[in-house]
Amino acid sequence: MTTVPATSAAPPSAPSATVTATGLSLRYGGTHALDGVSLRLTRGVTGLLGPNGAGKTTLLRVLATALPPDRGEFTALGHDPRTAAGRVDLRRALGYLPQNPGFHPDFTAFDFVDYVAILKELTDRAARHREVRRVLEAVDLSHVRSKRIKRLSGGMRQRVALAAALVGDPGFLVLDEPTVGLDPEQRMRFRELIAAAGEGRTVLLSTHQTEDVAMLCHRVLVLAHGRIRFEGTPAELTARAAGRVWSSPERDPGALAGWRTGAGSFRNVGDPPEGADLVEPTLEDGYLLVLDGTDREVRA
């Protein structure tokens with residue numbers, strides 16, 4: 001009898017990219033807002049972290065075709081925005097929530113989303129209104145669809161903006177700081193909506209909230225000084241801080257960052273002294289260390 005040698009299972013194939021960018025660069029005067037950014041996005045929610053001035057909003061505007069790069073190229077959902085036809089096709093498949101949506105305060109929630117639907121070329125009035133009602137229901141705003149935007153809370157306004165971004169069931173969703181200014185309950189509600197939006201589509205979420213990335217994202221990018229400084233999973237970013245977070249009775253003067261916790265001890269991040277009481281790192285710790293390494297590189 002012939003014995004068939006055992007074979008190991010084939011490794012799972014990497015998810016196919018829906019958005020790819022190579023060498024995106026853009027200058028404002030003497031400032032490199034983007035300096036050779038290359039990335040690869042797949043379906044699901046990818047978080048984009050970075051300090052103020054890192055280039056996050058510029059990158060999102062480029063990917064949303066609102067701003068052309070000086071150099072580099074990208075494709076999204078198979079569309080190349082360097083051609084007029086490619087830009088039109090991409091915009092039809094794109095949902096964009098900018099940091100400042102630019103509401104007309106006297107529009108109702110329905111009117112604002114309907115206006116965006118018209119811009120997206122939904123010309124049949126009955127079908128368009130069905131789509132507006134669908135996306136407003138998806139963000140739980142059906143009960144206030146006739147209310148003027150100026151009378152809505154901040155959280156409701158953000159949901160109106162998300163509903164507008166969801167018009168037409170886009171395959172690529174670009175969200176710029178969607179949870180800024182929201183209270184904890186509103187942020188929890190928004191996380192639910194973003195997680196649902198990430199089912200079956202590609203979402204790029206720019207945020208300063210590391211806890212949003214930890215809870216929502218399957219991948220994370222860190223952008224600083226116009227360049228991608230980290231790309232990987234939230235667990236891999238957290239692992240950057242393994243062995244570099246410790247507790248002490250006083251703030252360690254050699255720590256990169258340190259603060260008193262609710263328990264009264266200090267949590268320190270950086271290079272621990274010999275015999276330090278190490279504690280479990282968080283994604284925020286890893287993020288701080290990536291930024292510190294980047295700052296040292298730039299200064300050097």
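No experiment lies behind these values; they were computed from the predicted model shown.
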Working for salt bridge (Lys or Arg N to Asp or Glu O under 4.0 Å), residues E131 and R128: CA-CA 5 Å; E131 175 67 1; R128 187 179 72 244; over 6 Å; no
Begin from the C-alpha positions of R40 and T20 and carry the test side-chain hydrogen bond (donor to acceptor under 3.5 Å, both in side chains) through to its verdict. CA-CA 5 Å; R40 179 179 180 275; T20 58; over 6 Å; no
Do T57 and D176 pass the side-chain hydrogen bond (donor to acceptor under 3.5 Å, both in side chains) test, and can you show the C-alpha distance, the side-chain angles, and the key distance before you say yes or no? CA-CA 7 Å; T57 292; D176 194 357; 2.9 Å; yes
Given ring-ring contact (aromatic ring centres under 6.0 Å, His included), test F110 with H129 step by step and report yes or no. CA-CA 9 Å; F110 187 96; H129 285 186; 5.1 Å; yes
Yes or no on side-chain contact (heavy atoms from CB on, under 4.5 Å) for L278 and V245, after CA distance, side-chain angles and deciding distance? CA-CA 6 Å; L278 299 179; V245 187; over 6 Å; no
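Using a 4.0 Å cut-off between charged nitrogen and carboxylate oxygen, D285 and R267 count as a salt-bridge pair. A salt bridge does not link E199 to R43: none of the charged nitrogens lies less than 4.0 Å from a carboxylate oxygen. The pair E137-R134 does not count as a salt bridge, with every side-chain nitrogen at least 4.0 angstrom from each carboxylate oxygen.
Atom CZ of R148 is surrounded by 12 or fewer heavy atoms from other residues, nucleotides or ligands within 6.0 Å. Annotation for R151: atom CZ does not count as buried by contact number, only 12 or fewer foreign heavy atoms lying within 6.0 Å.
If you take CG on L94 and CZ on R87, they are separated by 13.5 Å, rounding to the nearest 0.5 Å. Annotation: the span from R92 atom CZ to L77 atom CG amounts to 14.0 Å, rounded to 0.5 Å.
Residues V45 and V213 are members of separate hydrophobic clusters, defined by side-chain heavy-atom contacts under 4.5 angstrom among Ile, Leu, Val, Met, Phe, Trp and Tyr. Linking ILVMFWY side-chain heavy atoms closer than 4.5 Å, directly or via other members, places L136 and V167 in a single hydrophobic cluster. Connection of V290 to L221 is not established within any shared hydrophobic cluster, with ILVMFWY side chains joined at heavy-atom distances below 4.5 Å, either directly or through further cluster members. V269 and F230 fall into different hydrophobic clusters, where Ile, Leu, Val, Met, Phe, Trp and Tyr side chains are chained together by heavy-atom contacts under 4.5 Å. Linking ILVMFWY side-chain heavy atoms closer than 4.5 Å, directly or via other members, places V132 and L141 in a single hydrophobic cluster.
Taking every heavy atom of both residues into account, G270 and L289 meet most closely at CA-CD2, 4.3 Å. Between L63 and L90 the shortest heavy-atom distance is O-CD2, 4.3 Å. Summarising the geometry of L173 relative to P170, their closest heavy-atom pair is CD1-CG, 4.2 Å, with the distance given to 0.1 Å.
When only modelled atom types and interatomic distance are considered, D212 and T179 share a side-chain donor-acceptor pair under 3.5 Å. Side-chain contact, R91 with T65: a donor N or O sits under 3.5 Å from an acceptor N or O. In this structure, a donor-acceptor pair under 3.5 Å is absent between the side chains of D111 and H104. For the 3.5 Å distance criterion, the side chains of D70 and S25 fail to qualify, holding no donor opposite an acceptor.
Listed for the R159 side chain is a donor-acceptor partner under 3.5 Å among the backbone atoms of D140. A donor-acceptor pair under 3.5 Å is absent between the side-chain atoms of T31 and the main chain of A33, judged by distance alone. Here the side chain of R229 pairs no donor or acceptor atom with the backbone of V222 at under 3.5 angstrom. Although no hydrogens or angles enter the test, the distance criterion places a donor-acceptor pair under 3.5 Å between the side chain of D252 and the main chain of G254. Of the possible polar contacts, one joining the T233 side chain to the E236 backbone as a donor-acceptor pair under 3.5 Å is found. With D80 contributing its side chain and T75 its backbone, the two residues share no donor-acceptor pair below 3.5 Å.
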